[in-house]
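Below is one structure; the comments refer to it alone.
Computed from a predicted model, the values in this text were never measured in an experiment. The residues of the chain are indexed from 1 along the displayed sequence.
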Amino acid sequence: MVNRSDLVVIGISVGLALGLLLALLLFFVIKWYNGRSHLRRCANEQNIPTLPVHKAKRAVVLTPDDSSNTASSQPPENAASPTQHQPWWNNNHTKDLTVSASGIPKYHYKDIQKATQNFTTILGQGSFGPVYKAVMPNGGLAAAKVHASNSSQGDREFQTEVSLLGRLHHRNLVNLVGYCVDKSHRMLIYEFMSNGSLENLLYGSGGEETTQVLRWEERLQIALDISHGIEYLHEGAVPPVIHRDLKSANILLDHSMRAKVADFGLSKEMVFDRMNSGLKGTHGYMDPTYISTNKYTLKSDIYSFGVIILELITAIHPQQNLMEYINLASMSPDGIDEIVDQKLEGNANIEEVRLLAKIANRCVHKTPRKRPSIGEVTQFILKIKQGRSRGGRRQDTMSSSFGGVMDGEDMSRVISRIKDQHVELGLLAGVKEEDHQERNGTTTTL
Ligand SMILES: Nc1ncnc2c1ncn2[C@@H]1O[C@H](COP(=O)(O)OP(=O)(O)OP(=O)(O)O)[C@@H](O)[C@H]1O
């Protein structure tokens, strides 16, 4: 017979055992839950952009190798994508890497020093410092842009800029893949573009003529690539990004001649006219409305893009009176035929050339609101390309008829007329430039 006090003892023991079991269960549940929420937080930290951009249609993953990068950077045409960054430096180095809030890897000065063979591999000189080719330990290539140490930009501003740049990713933008802030050294590391700038391809570099001739279909594709890049900045990024310095020197080409827009999203202090006019941008590409009102809009970028398209067609540099030629050409219905790049003779389809010139002329319309949006420009160029692929073989025959329009005597007459005009226009531009400088109180000459 179990007495009453035994029952109490048994009851208390069972109660205690149950309580202990419950406490243990609670402990494990809490532990499991904490573990899960930590994982979720880590995942979110990598993915949440502080500058929101439109959702990715297709992720572009940058790799150290320019060639493999391009594999993911080709069609489909419209994909705009915030990128998931992978630290693409040699694995031995990644342990030392810090990743900024935007996911952009931060490098030590000594790493960049090594990758650029102690800064001896110069690619060119920009307005805010030299650019070096960097060869990574795993063979991957990059371009390291060194900021002049006299920059007035503070560390925090630089970091903010990196974060902003790090949010902008598109296959038609030269993407930022790393940065360095080490004592007074500041560098931005970009993907390497092995075919250099459009400016060099059209006009040669350092006074040397280029040997590489851009074919018409390449030029058409370049125009479309640029249009996609700007479309992402204007209509894909939130808030929209105005480039402010679109020019052929800021269009870079990868190993398969696909074009990407460079130098986007840079702070305004870095974008200035070399003519010292006090205006931001580059002489020859600047929207006249901006010059007169000092107000820069999306339509000012459209103007500069129009100038680049006209360069693709004529291979006349904007600082060599391109717009004067265009104005002369616009006096006759097919005036553009007379100033098409001679190197395109027998290779271009004149109908396509005229169509592309038509959209370029709309872009450089003096009234900003009459200029098309970037979306319209893209659609227009796409239509020209689609017409080309539908035309198939017919296009080839048409291209030889262009040779017929511009060959022999006709061609030399036109060229000599243009040369005469060049001299006259050069004089005219000289006078204009003096006026411009007098207005701005500068003494710089062309
Ligand atoms: N990512 C890159 N890959 C390969 N070459 C590059 C890259 N970025 C720049 N370069 C080259 O480095 C040179 C200087 O470029 P940078 O962008 O600094 O100046 P810029 O655009 O020519 O002039 P500015 O600074 O006045 O805009 C150019 O000749 C360009 O071709």
Of all heavy-atom pairs linking S373 and I302, the shortest is C-CD1, 4.0 Å
Close side-chain approach of C180 to H108, heavy-atom, < 4.5 Å | no
With K280 as the cation and Y296 as the aromatic partner, state whether NZ or CZ is under 6.0 Å from the six-membered ring centre and within 45° of the axis.
-> no
Decide salt bridge (charged side-chain N to carboxylate O under 4.0 Å, His left out) for K110 and D182; before the verdict, give the C-alpha distance in whole Å, the side-chain angles of both, and the deciding distance to 0.1 Å.
-> CA-CA 9 Å; K110 61 174 170 24; D182 203 337; over 6 Å; no
Contact summary for A237 and L168, nearest pair of heavy atoms = CB-CD2, 3.8 Å
Is a donor on one side and an acceptor on the other found under 3.5 Å between the side chain of N349 and the backbone of E352?
-> yes
Value rounded to 0.5 Å, distance of CD1 in I381 from CD1 in I384 | 6.5 Å
Do H317 and E199 meet the criterion of a side-chain donor-acceptor pair at a distance under 3.5 Å?
-> yes
Check whether any side-chain N or O of S197 sits under 3.5 Å from a backbone N or O of A249 as a donor-acceptor pair, and report yes or no.
-> no
Classify the side-chain pair Y285/Q319 by whether it contains a donor and acceptor separated by less than 3.5 Å.
-> no
F264-H243 aromatic ring centre distance below 6.0 Å = no
Minimum heavy-atom distance I336-A329, with the two atoms named = N-CB, 3.9 Å
Measure from the side-chain N and O atoms of D111 to the backbone N and O of Y107, and report whether any donor-acceptor pair falls under 3.5 Å.
-> no
How many angstroms lie between CG in N321 and CG in L328, if you round to the nearest 0.5 Å?
-> 10.0 Å
Where L173 and G229 come nearest, the two heavy atoms and their spacing | CD2-O, 3.8 Å
R219 side-chain N/O to L312 backbone N/O, donor-acceptor pair under 3.5 Å | yes
Compare all side-chain heavy atoms of I326 with those of N361 and state whether any distance is below 4.5 angstrom.
-> yes
Can we call the ring centroids of H169 and Y232 under 6.0 Å apart?
-> no
For I104 and L176, run side-chain contact (heavy atoms from CB on, under 4.5 Å): C-alpha distance rounded to whole Å, both residues' side-chain angles, the deciding distance at 0.1 Å, then the answer.
-> CA-CA 8 Å; I104 300 289; L176 186 74; 4.2 Å; yes
Starting at CZ of F158, measure out to OH of Y179 and round the result to the nearest 0.5 Å.
-> 8.0 Å
Test: R362 and E376 ion pair at under 4.0 Å = yes
Report yes if the side chains of M187 and H147 come closer than 4.5 Å at any heavy-atom pair, otherwise no.
-> no
Short question: side chain of E191, backbone of N175 - any donor-acceptor pair under 3.5 Å?
-> yes
Could you tell me whether the side chain of S227 and the main chain of A223 form a donor-acceptor pair under 3.5 Å?
-> no
Kindly determine whether L214 and L198 satisfy side-chain contact (heavy atoms from CB on, under 4.5 Å), including the steps that lead there.
-> CA-CA 10 Å; L214 281 174; L198 177 62; 3.8 Å; yes
For D245 and T282, test the side chains for any donor-to-acceptor distance below 3.5 angstrom and give the result as yes or no.
-> yes
Show your working on side-chain contact (heavy atoms from CB on, under 4.5 Å) between N172 and I226 and close with a plain yes or no.
-> CA-CA 7 Å; N172 296 117; I226 303 170; over 6 Å; no
Closest approach of Y190 and V177, non-hydrogen atoms and distance?
-> C-CG2, 3.8 Å
What distance do L220 atom CG and R215 atom CZ have between them, rounded to the nearest 0.5 Å?
-> 12.0 Å
Does the distance from a Lys or Arg side-chain N to an Asp or Glu carboxylate O, for K260 and D225, drop under 4.0 Å?
-> no
Keeping the roles fixed (side chain from Y203, backbone from I316), state whether a donor-acceptor pair exists under 3.5 Å.
-> yes
Is a donor on one side and an acceptor on the other found under 3.5 Å between the side chain of S304 and the backbone of S300?
-> yes
Can you check whether H255's main-chain N or O pairs, donor with acceptor, with S194's side chain at less than 3.5 Å?
-> yes
Beyond-backbone contact of I122 with V131, side-chain heavy atoms, under 4.5 angstrom = no
How far does CZ of R258 sit from CG of L253, to the nearest 0.5 angstrom?
-> 10.5 Å
Quick one: does F380's side chain get under 4.5 Å of T378's, heavy atoms only?
-> no
Would K247 and D263 pass as an ion pair if we require N to O under 4.0 Å?
-> no
Report the distance from atom CG of L382 to atom NE2 of H228, rounding to the nearest 0.5 Å.
-> 5.0 Å
Please tell me if the side chains of I222 and M257 come closer than 4.5 Å, counting only heavy atoms from C-beta onward.
-> no
Between T314 and D341, is any pair of side-chain heavy atoms under 4.5 Å apart?
-> no
From the list K295, K299, R371, salt bridge (Lys or Arg N to Asp or Glu O under 4.0 Å) partner of D287 resolves to R371
Passes side-chain contact (heavy atoms from CB on, under 4.5 Å), L322 versus E311? Steps please.
-> CA-CA 8 Å; L322 168 64; E311 284 185 270; 4.0 Å; yes
Residue pair I313 / L344: nearest heavy atoms and the distance that separates them = O-CD1, 4.0 Å
Under the side-chain hydrogen bond (donor to acceptor under 3.5 Å, both in side chains) test, residues paired with Y132 that sit two or more places apart | none
Does any donor atom in the side chain of D301 or H234 lie under 3.5 Å from an acceptor atom in the other side chain?
-> yes
Short question: side chain of N195, backbone of D254 - any donor-acceptor pair under 3.5 Å?
-> yes
Minimum side-chain heavy-atom gap C363-P372 below 4.5 Å | yes
